[in-house]
Amino acid sequence: MWPQTPEEAVAVQEQLRHLVDTTGPGPTEPQYVAGLDVAYDGDELAAAVVVLHNLQEVDRAVVRGRTTFPYQPGLFAFREIPALLDALEQLRTTPDLLVCDGQGLAHPRRIGLACHLGVLTGLPSIGVGKTAFVGEWAEPGPRRGDASDLLLDGEIVGKVLRTQNKTKPVFVSVGHRLNLATATKHILDLTPHYRLPETTRAADHTCRQALKGTHG
DNA sequence: GCGACAG
DNA sequence: ATCTTGTCGC
């Protein structure tokens, strides 16, 4: 069953938050890293999962659908997860790591999209947000690799990471089955040229194109 | 009470 | 998320 109201959704989060695993180091050298993203046109949507191996695409899945849940800060996952799970099921490859568009532990109840998707799939996951959602932080240094802690109620819930020299930092937080240090390392490995991970760029491009495919 | 608020 | 091309700068 899937929650139909904000109250039910929050109740689901309160249950799932206890299942999030942030202890182990996680995969040291993930071979198949998946990027996930969803594009919208009104209530039409296209969800894409693209799997990269050595930064090269080796598998992909795209599904079209309609929105079921409105966007609400804190409940973002309920809007995107159904379509993303559909797409994940269609992959012929099982990813070692999921890189999500949005936050993981950097969430009011410590269960952002990345945590939620990680728990539902059982796969290690990382959240990479383009903008902040919660927490306080100091401006990280100007160079690629510079980072500062993202604090929420005195807890480190993420890292504000500069992935390229002199560009806006991204907000990295653990999703599931790995720690923040490992997550940060992986995101740096996935950003050799641009501000956003190659996985995110590939998924974004893919779902955006799929949305136009059966439209304008 | 008021504002802020992933995508 | 989305509205939106060319353009300034390294």
Side-chain angles (χ1 to χ4, degrees), chain A residues 6 9-10 12-13 16-17 20 34-50 62-85 87 98-120 125-137 142-144 150-153 155 157-176 180 183 187 192-197 199-213 215-216:
Chain A
V10 169
V12 169
Q13 291 182 325
L16 292 184
R17 63 181 297 184
V20 177
L36 308 87
D37 193 21
V38 181
Y40 300 86
D41 177 25
D43 55 1
E44 296 275 337
L45 65 79
V49 180
V50 178
V62 188
V63 301
R64 301 276 319 239
R66 280 180 170 280
T67 54
T68 301
F69 214 90
Y71 169 72
Q72 297 175 59
L75 301 179
F76 175 54
F78 295 92
R79 181 173 172 76
E80 307 220 323
I81 281 185
L84 290 176
L85 286 179
L98 305 180
V99 177
C100 307
D101 250 49
Q103 319 291 334
L105 291 176
H107 176 282
R109 289 174 291 281
R110 311 297 199 276
I111 176 126
L113 172 65
C115 299
H116 201 139
L117 200 52
V119 169
L120 294 188
S125 65
I126 302 173
V128 179
K130 293 181 285 295
T131 62
F133 179 34
V134 294
E136 306 172 342
W137 68 93
R143 308 235 314 150
R144 166 175 157 82
L150 179 59
L151 297 166
L152 182 60
D153 301 326
E155 292 177 43
V157 296
K159 217 74 173 174
V160 181
L161 176 68
R162 192 88 63 185
T163 56
Q164 294 299 327
N165 295 337
K166 213 185 121 186
T167 64
K168 286 178 42 168
V170 297
F171 296 76
V172 179
S173 56
V174 165
H176 188 53
L180 184 55
I187 296 307
H193 304 308
Y194 300 96
R195 175 187 176 230
L196 297 179
T199 38
T200 300
R201 290 166 49 78
D204 180 85
H205 213 205
T206 301
C207 65
R208 221 178 272 223
Q209 181 161 310
L211 194 59
K212 294 179 179 176
H215 255 265

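Letters go in sequence order (proteins before strands), and every chain restarts at 1.
Closest contact between the side chain of His107(A) and the listed nucleotides dA1(C), dA6(B), dG7(B) involves dA6(B). Minimum atom distance to the side chain of Gln103(A) is reached by dA6(B), of the listed dA6(B), dT2(C), dG7(B).
Put simply, Lys166(A) has no side-chain N or O that comes within less than 4.0 Å of OP1 or OP2 on dG9(C).
Going from atom OH of Tyr71(A) over to atom P of dT2(C) covers 14 Å, rounded to whole Å. Summarising the geometry, the separation between CZ on Phe76(A) and C1' on dA4(B) is reported as 18 Å, rounded to the nearest angstrom. Between Leu84(A) atom CG and dG7(B) atom C1' the separation is 11 Å, expressed in whole Å. We find that CG of Leu113(A) is positioned 10 Å from P of dG7(B), with the value rounded to whole Å. In this entry the distance linking CG of Asp43(A) with P of dT2(C) reads 14 Å, nearest Å.
Using a 4.0 Å heavy-atom cutoff across all strands shown, Tyr40(A) reaches sugar-phosphate atoms only and no base atom. In this structure, Leu36(A) reaches neither bases nor backbone, as no heavy-atom distance under 4.0 Å exists between it and the strands shown. Base engagement by Gly74(A) is indicated by at least one non-hydrogen atom pair under 4.0 Å involving a base atom.
A salt bridge does not link Arg64(A) to Asp41(A): none of the charged nitrogens lies less than 4.0 Å from a carboxylate oxygen.
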